[in-house]
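Keep in mind it's a predicted model, so treat the numbers as computed, not measured. Protein chains get the first letters and strands the later ones, always in sequence-line order, with residue 1 at the start of each.
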Protein chains: 2
Amino acid sequence: MKQQEVFRALADPTRRAILKRLQGGAMSAGELGAAFDITPASLSHHFAVLKQADLVRTERRGQYIVYSLNSTVVEDLARMVLDLFPSGGARGGKR
Amino acid sequence: MKQQEVFRALADPTRRAILKRLQGGAMSAGELGAAFDITPASLSHHFAVLKQADLVRTERRGQYIVYSLNSTVVEDLARMVLDLFPSGGARGGKR
DNA sequence: GCAATATTTAGAAATTTGTCTAAATATCTA
DNA sequence: TAGATATTTAGACAAATTTCTAAATATTGC
C-alpha cells in the first residue's frame, strides 16, 4: 500500500467529502460531482488522486463512469494510522 | 478536534517520521531533528504544524524544548479515519 | 552581563497543489 | 455518421507548502 499516496489523498477536504459521499453507494462521476462547486475537470483530478491511492474503484457503465469505495483499504488505513502511535501494535491500550 | 489540521499534518512524510520517532519517548527538538537532513528552522516549522494539529505536546526543560506524542488523539484520529468508510460505526466488517 | 547553545521567527525561493478553460476521448441515440 | 452527453487530459495560473538563510529569543554557566 502506498502510504504516502493515501495520506496525501486524505489531506484534501473535497476528497474526504467525496469518500463520505460514496458511503451511500456507488455513483457516477457526474452524480458525485453535483454536490461540489467545482468544475468537472477539477473533480476528475480529485478522482485521479483517490484512485492512485487505491481508495476508490472505477467501472465504466455505458456513458458513465461509476465510482465506488474500495473498502478493503480501510484495514490497512487504520493500521497505518495506529502505527503512528505507541501501543498500536497488538490491540492498543485504552480499548 | 481540527480534522483538517490533523490530516494535513499527516500528509507529510517528514512529519510522520517525527511522530514515529517520538514513539520511543519524549525528545528535545535537536535530538529529534538529528535524524533528518533538514535545517533546524525547517524542523521547527514541522513541529509547529504537528502542534497545531494537537498531535504533539511541548514542554520547556531548561535550554531544551521537549516534544512528546499526544497519545490521547489516537482515538479521535482512528475515528476520523474509520468515519470515512462505511460500516465504520460499530466494529467494522472483516475483523 | 556575556558568550555559548537551543529553538523559533521572518522573509524569500522553489516546488507542489487545486482550480480553471479549452480540447480530446468515449459512448449513446437518432 | 452526426450530435449530444459524460468524463478525462493538457496547459496555464494562483495559492499553499517546503525549504533555506539570517536574525531574534530564551536559557545556561562563567
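Side-chain N/O atoms of T39(A) include one lying less than 4.0 angstrom from OP1 or OP2 on dC20(C). Checking the phosphate oxygens (OP1, OP2) of dT19(C), no side-chain nitrogen or oxygen of S42(A) falls inside 4.0 Å. Considering only side-chain N and O atoms, H46(B) lies under 4.0 angstrom from the phosphate OP1 or OP2 of dT19(D).
Taking atom CG of L32(A) as the reference point, atom P of dA6(D) lies 14 Å away to the nearest angstrom. Rounded to an integer number of Å, the gap from CZ of F36(B) to C1' of dT18(D) is 15 Å. At whole-Å resolution of the value, CG in L50(B) and C1' in dT17(D) are 14 Å apart. Computed from coordinates, the D37(A) CG to dC20(C) C1' distance equals 13 Å when rounded to whole Å. Note: CG (L43(B)) to P (dT19(D)) measures 9 Å, nearest angstrom. In this structure, the CD atom of Q52(B) is 15 Å from the C1' atom of dT8(C), given to the nearest Å. The CZ atom of F47(A) sits 15 Å away from the C1' atom of dT9(D) (whole-angstrom rounding). Separating the CD atom of E59(A) from the P atom of dT7(D) is a distance of 13 Å, rounded to the nearest angstrom.
Contacts with DNA chain C (heavy atom under 4.0 Å) in residues 3-23 of chain A: R8(A), D12(A), R15(A), listed by number.
Residue-level contact check: Y67(B) touches the backbone only, with heavy atoms under 4.0 Å from sugar-phosphate atoms and none from bases.
A salt bridge links K20(A) with D83(B): at least one charged nitrogen is closer than 4.0 Å to a carboxylate oxygen. A salt bridge does not link E59(A) with R57(A): none of the charged nitrogens is closer than 4.0 Å to a carboxylate oxygen.
L19(A) and M80(B) fall within a single hydrophobic cluster, where Ile, Leu, Val, Met, Phe, Trp and Tyr side chains are chained together by heavy-atom contacts under 4.5 Å. I38(B) and V49(B) are members of different hydrophobic clusters when ILVMFWY side chains are connected at heavy-atom separations under 4.5 Å. V6(B) and V81(A) fall within a single hydrophobic cluster, where Ile, Leu, Val, Met, Phe, Trp and Tyr are joined by side-chain heavy atoms under 4.5 Å apart, directly or via other members. V73(A) and L50(A) end up in the same hydrophobic cluster when Ile, Leu, Val, Met, Phe, Trp and Tyr side chains are linked at under 4.5 Å.
Checked against dT7(D), dT21(C), dT8(C), the side chain of S28(A) finds its nearest nucleotide in dT7(D). Closest approach to the A41(B) side chain among dA22(D), dT9(D), dT19(D) is made by dA22(D) (side chain taken as heavy atoms from C-beta onward). In the set dT8(C), dG18(C), dT7(C), the nucleotide with an atom closest to the side chain of H45(A) is dG18(C). Closest to the side chain of A29(A), out of dT7(D), dT19(D), dT21(D), is dT7(D).
With hydrogens and angles left out, the side-chain atoms of Q52(A) and R8(A) include no donor and acceptor closer than 3.5 Å.
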Give the B/S/- string for nucleotides 24-30 of chain D, one per nucleotide from 5' to 3', where a protein heavy atom under 4.0 Å of the base yields B, of only the sugar-phosphate yields S, and otherwise -. --SBS--
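Inter-residue side-chain proximity for F47(B) and T58(B) is flagged as unmet; no heavy-atom pair is nearer than 4.5 Å. Contact check for R21(B) versus L32(B): side-chain heavy atoms found under the 4.5 Å cut-off.
The side-chain contact (heavy atoms from CB on, under 4.5 Å) test with N70(A) singles out one residue from D54(A), L55(A), V56(A), and that residue is D54(A).
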